[in-house]
Protein chains: 2
Amino acid sequence: MFRGLQVQTEIAAGRHLPEPKGLGSIVDGMAALDQIGVIITVKRDEPLFFEGDAAEFYFKVISGAVRGCKLLADGRRHVGNFFLPGDFIGLDAAEYHAFSAEVVADTIMVRYARWKVHALADQELAIARSLVNVMRTELCAARNRMALLGQMSAMERIANFILMMADKSGTRDISLPMTRTDIGDHLGLTIETVSRVFSRLKKDHIIEQQSLHHIRIADRDALVDLADFS
Amino acid sequence: MFRGLQVQTEIAAGRHLPEPKGLGSIVDGMAALDQIGVIITVKRDEPLFFEGDAAEFYFKVISGAVRGCKLLADGRRHVGNFFLPGDFIGLDAAEYHAFSAEVVADTIMVRYARWKVHALADQELAIARSLVNVMRTELCAARNRMALLGQMSAMERIANFILMMADKSGTRDISLPMTRTDIGDHLGLTIETVSRVFSRLKKDHIIEQQSLHHIRIADRDALVDLADFS
DNA sequence: CGCCCATTTGAAAATAATCAATGGAAGTGG
DNA sequence: CCACTTCCATTGATTATTTTCAAATGGGCG
């Protein structure tokens, strides 16, 4: 069943795309996909789909942010991914979604019917290859995050997280649309630990905090030192 | 460069496959792949390839075990996967391998030249689909392991690990060819913690230990309780 | 302006890591 | 074949990091 998306707005796709910067660069040769996508907008905290739902659609984020969550039996939550502009959602799903997806901040997306994507991929080798490449990239990111979760201290995890967000945004001014709880559930830390580490980084003048959801990297070298990643 | 594999033995593939039980069931429609594979045997602790190596080959484990490792700058190690009979190695690689692979115990594998696999996949839709499905499965497993590494206690991690190994082996007698260090680096725990948890499980009669690398699940229900996974 | 909720900060507790020593199995060489 | 060496695993004591519990602060939104 396709629950969620109750408040979304659908707009015919292909025309009037808000011209998101750098979108095409992330996945080349995907222009044909635009023809079969529908633009939707989803409000903060709305679910896109739930773990175990039949996977009917794929999504691509244009603006905003989405979190991919898994719940443990006793209620603990793990945020596997933050999907940011340019990211695809759900490509790894077989028949059912392996995680639930919720919108972190008001988000504009393209929604693709699965069967249309598959038909297109069967027809055009370039599309199929691009999709495989997106999966490859995700797998690679997943492996890095496993090493982070398995081996790194709280400070190292957050330093890496900030650097990763900076890479995605392309500037040293970073928007963090998600809550501290989201970040904690993503990095395997409690909200308090996340807060303490951020405070420490501010005290050491490694980051500056403009507002709750907007920080700036003041000393990138120091941050890279803290991040340690090979 | 293709380092490693110094001690391997190559045997013409396709014929005389040791008929590994249940292999075909893992990936269907892959029979055509056998035609382009070469059987190799690799000894304990030999490297298959290193992180950053050009990805020239894919591998499929027939018997034995391989570990996929990532190294952090300061030498800490993370074992992302144990590849067991039936598992493919390196499918997620783009141009270069994202992790290094070392043989845990004497292992028989099939080695496929990348370009041959790609050519075959471009030609036969069924092959391409199978490869994508293998990647999907891996991505799904990676997400589960992230949740494990991010949220679970030492006991929960090891309970899940044992159950996962039991699922793969299909019996409640489980062979653990890897060392405690390998298990620790896989689960984000130290060797001492791994050892203590195993001892605890033995004391509580949840597992029995035949030998260092061979355990048996005595009380599966208790183990599932401890594992908690949703 | 004031309430509410997320965040921050502090103190205590718990889990796992580290340090250290012992035990035991596998492999080597005489 | 046995003794010796080496590596790996186990166990114990201590330490450190992070979590948990608790309270206060502050920003955003009605």
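All values reported here derive from a predicted model rather than from experimental measurement. Note on naming: letters A, B, ... go to the chains in the order of the sequence lines (proteins, then strands), and numbering restarts at 1 for each one.
Using a 4.0 Å heavy-atom cutoff across all strands shown, Gly188(B) reaches sugar-phosphate atoms only and no base atom.
As rounded to whole Å, 14 Å separates atom C1' of dT8(C) from atom CD1 of Ile207(A). dC7(D) atom P lies 22 Å from atom CE of Met178(B), rounded to whole Å. Atom CE in Met152(B) sits roughly 13 Å away from atom P in dA16(C) (whole-Å rounding). Taking atom CG on Leu226(B) and atom C1' on dT15(C), their separation rounds to 16 Å, with Å as the unit. Summarising the geometry, the separation between NE2 on His214(A) and P on dT7(C) is reported as 17 Å, rounded to the nearest angstrom. Here the P atom of nucleotide dC5(C) and the CZ atom of Arg44(A) are 12 Å apart, to the nearest Å. Taking atom CZ on Arg157(B) and atom P on dT15(C), their separation rounds to 14 Å, with Å as the unit. Taking atom CZ of Arg180(A) as the reference point, atom P of dG27(D) lies 13 Å away to the nearest angstrom.
Side-chain atoms of Arg200(A) stay outside donor-acceptor range of the base of dT18(D), with no qualifying N/O pair under 3.5 Å.
For the OP1/OP2 pair of dT9(C) and a distance below 4.0 Å, the side-chain nitrogens and oxygens of Ser199(A) include at least one atom meeting the criterion. Close to dT18(D), at under 4.0 Å from its OP1 or OP2, lies no side-chain N or O of Thr193(A). Of the side-chain N and O atoms in Arg196(B), none sit less than 4.0 angstrom from OP1 or OP2 of dA16(C).
Of the candidate nucleotides dT19(D), dT18(C), dA9(D), dT19(D) has the atom nearest to the side chain of Thr190(A). Side-chain atoms of Ile191(B) lie closest to dT10(D) of the nucleotides dA16(C), dT10(D), dT7(C). Side chain of Ala154(A), nearest nucleotide from dT18(D), dA9(D), dG12(D): dT18(D). Of all nucleotides listed (dT7(C), dT11(D), dT9(C)), dT9(C) comes nearest to the side chain of Glu192(A).
In this structure, Arg111(B) is positioned above the aromatic face of Phe57(B), its NZ or CZ under 6.0 Å from the six-membered ring centre and within 45° of the axis.
Taking for each of Leu212(B) and Ser153(B) the nucleotide of DNA chain C with the nearest heavy atom, the 5'-most of the two is the partner of Ser153(B).
The 12-atom threshold is exceeded at CZ of Arg136(A), counting heavy atoms of other residues, nucleotides or ligands nearer than 6.0 Å.
Between Glu51(A) and Arg143(B) there is no salt bridge, since no side-chain N of the basic residue sits under 4.0 Å from a carboxylate O of the acidic one.
Between the side chains of Glu156(A) and Ser153(A), at least one donor N or O lies within less than 3.5 Å of an accepting N or O.
In this structure, OG on Ser100(B) lies 6.0 Å from CG on Leu71(B), to the nearest 0.5 angstrom.
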